[in-house]
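Along the sequence shown, residues are numbered consecutively beginning with 1.
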Amino acid sequence: MAIGARDRIDAMLVRKYAMQKVDNPIIQTSMVNPEKMYEAMNDYAQMHLSMLNIQQKLKSTCISAISGSIQYTKSRNIKLKKPPELAAAMP
């Protein structure tokens with residue numbers, strides 16, 4: 001990808017505006033205070049971290065409640081059957 005003017009019109013515009021000095025005082029006055037922005041970002045991050053911690057505690061509480069209330073019932077008697085070759089070899 002080339003940098004610079006691609007044709008004659010672009011080259012003329014570059015030459016015309018290359019030496020222009022622009023002072024835009026509106027930028028400085030309309031800019032958000034960095035300290036306020038940092039505080040807002042920090043508050044958001046702390047709230048998100050708290051919500052993740054609460055979600056993890058709720059998940060572990062639900063898992064322990066569910067596992068504590070499970071009642072295992074024996075539906076059938078499962079016996080391990082030995083293969084016929086091993087059953088014949090063993091007295």
Side-chain angles (χ1 to χ4, degrees):
M1 178 174 257
I3 298 174
R6 294 184 187 171
D7 56 11
R8 221 176 92 205
I9 296 173
D10 285 344
M12 289 172 44
L13 287 172
V14 167
R15 270 187 261 121
K16 179 177 180 179
Y17 293 108
M19 303 306 287
Q20 294 290 325
K21 305 275 185 200
V22 178
D23 186 19
N24 196 350
I26 298 171
I27 292 175
Q28 294 297 325
T29 58
S30 67
M31 198 169 79
V32 176
N33 186 0
E35 290 298 319
K36 284 187 179 180
M37 180 62 76
Y38 175 73
E39 289 174 10
M41 290 170 60
N42 190 29
D43 291 344
Y44 181 79
Q46 290 296 327
M47 185 267 310
H48 188 66
L49 183 62
S50 298
M51 294 302 285
L52 285 174
N53 289 337
I54 290 171
Q55 183 181 13
Q56 186 64 33
K57 287 179 184 176
L58 180 64
K59 188 185 294 185
S60 65
T61 303
C62 289
I63 288 171
S64 63
I66 290 171
S67 64
S69 66
I70 293 176
Q71 295 180 357
Y72 295 100
T73 57
K74 191 174 184 181
S75 61
R76 58 188 168 134
N77 191 5
I78 300 174
K79 293 182 180 177
L80 295 175
K81 294 184 179 181
K82 294 181 182 177
E85 301 86 27
L86 291 176
M90 302 281 274

- Query: Near Met51 CE, under 6.0 Å, is it more than 12 heavy atoms from other residues, nucleotides or ligands?
  - Reply: no

- Shortest non-hydrogen pair, Asp10 vs Asp7, comes out as N-OD1, 3.0 Å

- Would you please name every residue forming a side chain to side chain contact (heavy atoms under 4.5 Å, CB included) with Leu52, sequence neighbours left out? His48, Gln55

- Measuring from Asn53:CG to Leu58:CG, what's the distance to the nearest 0.5 Å? 12.5 Å

- Query: More than 12 foreign heavy atoms under 6.0 Å from CG of Leu49: is that the case here?
  - Reply: yes

- Met41 meets the side chain to side chain contact (heavy atoms under 4.5 Å, CB included) criterion, sequence neighbours left out, with Met37

